[in-house]
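Report on the structure given below.
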2 protein chains.
Amino acid sequence: MLLKNQVEWVLHCCAILAGLPENRYLSTKDLAEFHGIPKEYLSKALQSLSQASIVESTLGPSGGYRLAKDTSEITFLDIVEAVEGKRSTFICTEIRKNNPCREAEYCESKACPVARIMWEADHEWRKKLQSVHLSELVETLAKEIPADLWEKSFEWVISRT
Amino acid sequence: MLLKNQVEWVLHCCAILAGLPENRYLSTKDLAEFHGIPKEYLSKALQSLSQASIVESTLGPSGGYRLAKDTSEITFLDIVEAVEGKRSTFICTEIRKNNPCREAEYCESKACPVARIMWEADHEWRKKLQSVHLSELVETLAKEIPADLWEKSFEWVISRT
DNA sequence: GTGTTTTTACTCGGATACACAATGTCCGAGTCGGTACGG
DNA sequence: CCGTACCGACTCGGACATTGTGTATCCGAGTAAAAACAC
């Protein structure tokens, strides 16, 4: 069980888009170049974000993507679920129904105890992701990245818009 | 990102093995038949459990698997990690190093903030799984499964040992 | 110089190939239980 | 009858196909900006 690379990519992309001036867009091409990742495939990931209303896009020259909401209204969970889906990582196939001793008409009253625990764990994972907002990531980055690199990156980005 | 079916299978198998009398083994064939799952592939999953020292095996007639420890010493995490591996579900490829503004000799002092958060979420998931012991699952099952089905299943199992 | 039209280059979006891992299947090495045999 | 040696069948364990998901790529529809043009 591994998360897609797309998850890492779009998280970093959102961090970049967060620093974008008002009414500016950044293209997939530039985002891909900045991160050194395949442009075409990143496009597919950003589509998912667009469908989830996390970013919005514009066509034509100087088009691209920008955030659709404020950074304080976007959580890690929103972004991760946009590319990984909202379904639980554990799927219960109800193998308990194959028990040869079980009566055919017997109907379970509760969900499988095994599944319940796995789902709870899944929920803990999501809860943690939901507790972290994009704004916090930006703050952390601003603190940890050297000032000159931070500024140069910012200039690089706006030079492309 | 989905967990393997093997995870569901081995969790149920461990629950069955937990009810096994002392010094008895249950074969892959019987475990597979009881759960209605492919014997050959389940074998592969049980191998993983064996390598993780959660179960132990014996060859020959009336051979098979049994738990290697007490049910109170086995957690869901042990079982899940046996088949899914211990590595985090998120892998950081350090794409921040591809930043075109970054000096080549610059060396990061801390792990990537994005990765840190994803790893924390992963940790929450594992922490939850670690908090649930196999003994608790058995207790829950004993409570929720109708008494007659519980007994019939038990008899079915020991008739095969 | 200004407003309009045309062109043009650039964007996203979905449809199409490729690679790796999860799934499913097979056969061989090893061993325990039962059986035959000898005492 | 009892102990021993042998045989056989059953077990796990790892090696071999098949399927499905993730990865990577391509091309077309649409649009906003810029350029050309008429006034």
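Below, chains carry the letters A, B, ... as their sequence lines are ordered, and counting in each starts from 1. Note that these values count all heavy atoms, side chains included, but never hydrogens, waters or copies made by symmetry.
B:Gln47 and B:Tyr65 get closest at one heavy-atom pair: N-OH, 4.1 Å. Residues B:Ala18 and B:Val138 come closest through the heavy atom pair CB-CG2, 3.7 Å. The minimum heavy-atom distance between B:Trp156 and B:Asp30, with the atom names listed, is CH2-O, 3.6 Å. Nearest heavy atom pair, residue A:Lys39 against residue A:Thr28, reads O-CG2, 3.5 Å.
Against DNA chain C, the stretch residues 85-101 of chain A makes no heavy-atom approach under 4.0 Å. Of the residues in residues 6-25 of chain A, those lying under 4.0 Å from DNA chain D by heavy-atom distance are A:Trp9. Of all the residues in residues 38-51 of chain A, A:Ser43, A:Gln47, A:Ser50, A:Gln51 reach under 4.0 Å from DNA chain C with at least one non-hydrogen atom.
With hydrogens and angles disregarded, a donor-acceptor distance shorter than 3.5 Å links the side chain of B:Arg116 to the backbone of B:Ala111. Panel note: side chain A:Asp122, backbone A:Ser88; no donor-acceptor pair is recorded below 3.5 Å. In this structure, A:Trp119 contributes its side chain and A:Phe90 its backbone to a donor-acceptor pair below 3.5 Å. A donor-acceptor pair under 3.5 Å links the side-chain atoms of A:Arg126 to the main chain of A:Lys86, judged by distance alone. Remark: the backbone N or O of B:Leu46 is not paired with any side-chain donor or acceptor of B:Ser50 at under 3.5 angstrom. Looking only at distances, a side-chain donor or acceptor of A:Glu8 sits under 3.5 Å from a matching main-chain atom of B:Thr93. No donor-acceptor pair under 3.5 Å is formed between the side chain of B:Asn99 and the backbone N or O of B:Arg96. B:Glu84 places a side-chain N or O within donor-acceptor distance of the main-chain N or O of B:Lys4, the cut-off being under 3.5 Å. When atom types are taken as modelled, the side chain of B:His133 and the backbone of B:Thr75 share no donor-acceptor pair closer than 3.5 angstrom.
Residues meeting the salt bridge (charged side-chain N to carboxylate O under 4.0 Å, His left out) test with B:Glu40, sequence neighbours left out: none.
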Sub-3.5 Å pairs of nitrogen or oxygen atoms, protein against nucleotides 7-11 of chain D:
unit_1, atom_1, unit_2, atom_2, d
D:dT11, O4', B:Gly60, O, 3.1

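Looking only at side-chain heavy atoms (C-beta outward), B:Ile16 and B:Val157 come within less than 4.5 Å of each other.
Contact check, A:Asn5 against D:dG22: no side-chain N or O comes under 4.0 Å of OP1 or OP2.
In summary, contact between chain B and DNA chain C, defined as any nucleotide atom under 4.0 Å from a heavy atom of the protein, begins and ends at C:dA22 to C:dG33 in the 5' to 3' direction.
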